[in-house]
Protein chains: 2
Amino acid sequence: MSKKTDLRILRTKQSIRTAFIALIQEKGYEAITIQDIADRAMINRNTFYLHYENKPDLLNTYMDELLGELKNAVVLCPISMNPYSIAILETVMQTVLEHISRNTSFYYAMLIEENRIYMFQVKMENIIKDKLNEGWNPAEGNPPLAISKELLFEYLVSSFMGIIIWWVKNDRPLPAGEVSSQFSRLVAYGHLKVAGIAFEE
Amino acid sequence: MSKKTDLRILRTKQSIRTAFIALIQEKGYEAITIQDIADRAMINRNTFYLHYENKPDLLNTYMDELLGELKNAVVLCPISMNPYSIAILETVMQTVLEHISRNTSFYYAMLIEENRIYMFQVKMENIIKDKLNEGWNPAEGNPPLAISKELLFEYLVSSFMGIIIWWVKNDRPLPAGEVSSQFSRLVAYGHLKVAGIAFEE
DNA sequence: ATAAATAATGAACGTCTTGTTGTTTATCTA
DNA sequence: TAGATAAACAACAAGACGTTCATTATTTAT
């Protein structure tokens with residue numbers, strides 16, 4: 001029952017992957033040709049087609065792989081979560097940042113600079129949105145939201161991603177714990193209060 | 001001194017533009033070929049090259065044109081602006097939304113769905129960031145920011161764009177004034193307070 | 001260790017798209 | 001109306017794609 005995959009396949013796939021990431025950072029996804037990948041990976045161009053249908057297929061396979069890991073990394077414990085609490089924001093942010101720390105070069109290639117893969121950000125946003133939604137069960141007895149839940153989530157997710165991108169772009173200038181704490185307070189209490197600016201009404 | 005441009009040029013350029021926008025929505029920017037544009041615009045493929053270098057050139061020309069209009073549309077009156085105030089957020093949001101309302105089909109093609117032009121969002125973010133920065137002169141005597149200004153701006157701009165995209169995607173479900181008011185209050189006072197959720201400390 | 005299986009190579013192909021260069025035709029401006 | 005010029009038409013080489021097929025090399029399983 002030991003269905004081991006051929007070593008040659010593993011080696012080739014790894015070569016392709018490494019070459020691909022490097023090339024994205026060098027010239028951007030769109031500019032890459034299959035021949036580029038083959039050259040860099042030191043394989044025949046034909047060999048590429050033995051493993052992937054085309055360039056988008058390679059990209060998607062790779063993205064889904066990493067985002068699957070991200071999904072698994074963010075585990076919520078709803079019991080300890082106060083509904084509508086800022087704890088959920090902080091927890092998700094914290095675990096996402098830790099996961100990113102374990103895959104910096106990949107996330108850098110995907111999220112930062114000219115050559116970023118915009119599609120990746122969209123996929124990541126959806127995952128974040130699901131996770132927040134998941135841990136966001138409204139307690140009964142609470143008053144209904146005063147604003148559109150969709151609007152609220154759009155706001156939360158986009159600011160969430162904004163912070164993450166800022167953090168990765170600046171080579172993680174603050175510890176993950178600090179960022180997640182600042183972020184959740186920023187969102188929950190407003191920038192005027194958290195930034196120490198005079199409160200107006 | 002009446003350097004009028006040849007009518008043929010105007011007509012051709014307009015045809016190209018219309019065809020281009022339609023094609024983006026139909027099959028996405030990347031999938032479009034010059035021949036596609038020529039067919040749709042009912043011009044010879046060669047004629048395209050008389051006006052634009054290539055596909056990216058066409059895209060950039062068009063984007064810069066509209067974003068130039070956006071830049072001009074957002075005029076700040078620093079006199080009436082309270083530094084660090086939420087008024088600046090509200091004003092910018094309001095004028096941007098109004099500008100978008102005047103060019104919905106274009107912004108829809110650029111910002112929404114599978115076939116969006118991600119580059120456009122980046123350019124737009126930079127404009128928003130500049131505008132916010134412009135109207136954001138710290139009053140002397142105020143305490144220094146308790147958090148990184150960069151982090152704060154990243155947060156503001158990304159949530160700003162998130163709201164805008166949500167608004168365009170959902171066919172502008174609320175009046176511009178309402179959205180800009182809700183947004184500025186959301187950012188300034190926090191989602192807990194604005195959404196009517198029990199405040200925790 | 002050897003044989004069978006299969007991954008990788010290398011060459012060749014038709015197709016499509018690109019960007020360019022001429023020449024001719026049609027249209028606009030002055 | 002005449003000169004200017006935009007647009008059409010035809011043709012080209014170069015590059016990239018995706019596929020086929022025979023051959024070589026490596027791995028797995030016996």
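Every chain is numbered from 1 and lettered A, B, ... according to where its sequence line falls, protein lines coming before strand lines. It should be emphasised that the depicted structure is a prediction, and the values quoted were computed from it without experimental measurement.
Checking dC17(D), dA8(D), dT26(D) against the side-chain heavy atoms of Thr33(A) singles out dC17(D) as nearest.
Rounded to whole angstrom, the span from the CD1 atom of Ile32(A) across to the P atom of dC17(D) amounts to 11 Å. The nearest whole Å value for the distance from the CD1 atom in Ile9(A) to the C1' atom in dA25(D) is 15 Å. One can place CG of Leu10(B) at 12 Å from P of dA6(D), the figure rounded to the nearest angstrom. Atom CD1 in Ile37(B) sits about 12 Å away from atom C1' in dT17(C), given to the nearest Å. Going from atom CG of Asp39(B) over to atom P of dC16(C) covers 14 Å, rounded to whole Å. In this structure, Arg8(A) places its CZ atom 13 Å from P of dA25(D), rounding to the nearest Å. As rounded to whole Å, 13 Å separates atom C1' of dT20(D) from atom CG of Asn44(A). Computed from coordinates, the Ile43(A) CD1 to dA25(D) C1' distance equals 16 Å when rounded to whole Å.
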Considering only distance and modelled atom types, tabulate donor-acceptor pairs under 3.5 Å from the side chains of residues 103-112 of chain A, sequence neighbours left out.
{"unit_1": "Asn103(A)", "atom_1": "ND2", "unit_2": "His99(A)", "atom_2": "O", "d": "3.1"}
{"unit_1": "Tyr107(A)", "atom_1": "OH", "unit_2": "His99(A)", "atom_2": "NE2", "d": "2.9"}

With a 3.5 Å cut-off and sequence neighbours excluded, list the donor-acceptor pairs that the side chains of residues 164-171 of chain B form with protein atoms.
{"unit_1": "Trp167(B)", "atom_1": "NE1", "unit_2": "Leu174(B)", "atom_2": "O", "d": "2.8"}
{"unit_1": "Asn170(B)", "atom_1": "ND2", "unit_2": "Glu150(A)", "atom_2": "OE1", "d": "3.4"}

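When the nearest nucleotides of DNA chain C are assigned to Leu7(B) and Gln35(B) by heavy-atom distance, the more 5′-ward of the two goes with Gln35(B). Sequence order on DNA chain C of the closest nucleotides to Asp6(B) and Leu50(A) puts Leu50(A) first from the 5' end.
Residues passing the salt bridge (charged side-chain N to carboxylate O under 4.0 Å, His left out) test with Lys123(A), sequence neighbours excluded: Asp64(A). When the salt bridge (charged side-chain N to carboxylate O under 4.0 Å, His left out) test is applied to Lys27(A), the partners found at least two apart in sequence or on another chain are Asp36(A). Take Asp6(B) and apply the salt bridge (charged side-chain N to carboxylate O under 4.0 Å, His left out) test, not counting sequence neighbours, and it matches Arg8(B). The salt bridge (charged side-chain N to carboxylate O under 4.0 Å, His left out) search around Glu26(B) returns Arg40(B), not counting sequence neighbours. Not a single ring pair (Phe, Tyr, Trp, His ring centres under 6.0 Å) links Tyr49(A) to another residue, sequence neighbours left out.
Taking CG of Asn46(A) as the reference point, atom CD1 of Ile34(A) lies at 11.5 Å (rounded to 0.5 Å). A distance of 7.0 Å separates OG1 of Thr91(A) from CG of Leu76(A), quoted to the nearest 0.5 Å.
The list of side-chain hydrogen bond (donor to acceptor under 3.5 Å, both in side chains) pairs with a residue in residues 12-21 of chain A, not counting sequence neighbours, reads Arg17(A)-Glu65(A). Applying the salt bridge (Lys or Arg N to Asp or Glu O under 4.0 Å) test to every pair with at least one member in residues 153-162 of chain B, sequence neighbours left out, gives these pairs: Lys129(B)-Glu154(B).
Between Thr12(A) and dA8(C) there is a side-chain polar atom (N or O) within less than 4.0 angstrom of OP1 or OP2. Here His51(B) does not reach the OP1 or OP2 of dA6(D): none of its side-chain N or O atoms lies under 4.0 Å away.
Within a heavy-atom distance below 4.0 Å of DNA chain D, no residue of residues 18-26 of chain B is found.
The terminal axes of the helix from dA1(C)-dT30(D) to dA30(C)-dT1(D), fitted over 5 pairs per end, subtend an angle of 40° to the nearest 10°.
For the pair Lys55(A) and Tyr52(A), the NZ or CZ position fails the cation-pi test of under 6.0 Å to the six-membered ring centre and within 45 degrees of the ring normal.
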Would you tabulate the pairs of protein nitrogen or oxygen atoms and nucleotide nitrogen or oxygen atoms of nucleotides 20-23 of chain C closer than 3.5 angstrom?
{"unit_1": "dT20(C)", "atom_1": "O4", "unit_2": "Asn46(B)", "atom_2": "OD1", "d": "3.2"}
{"unit_1": "dT21(C)", "atom_1": "O4", "unit_2": "Asn46(B)", "atom_2": "OD1", "d": "3.3"}
{"unit_1": "dT21(C)", "atom_1": "O4", "unit_2": "Asn46(B)", "atom_2": "ND2", "d": "2.6"}

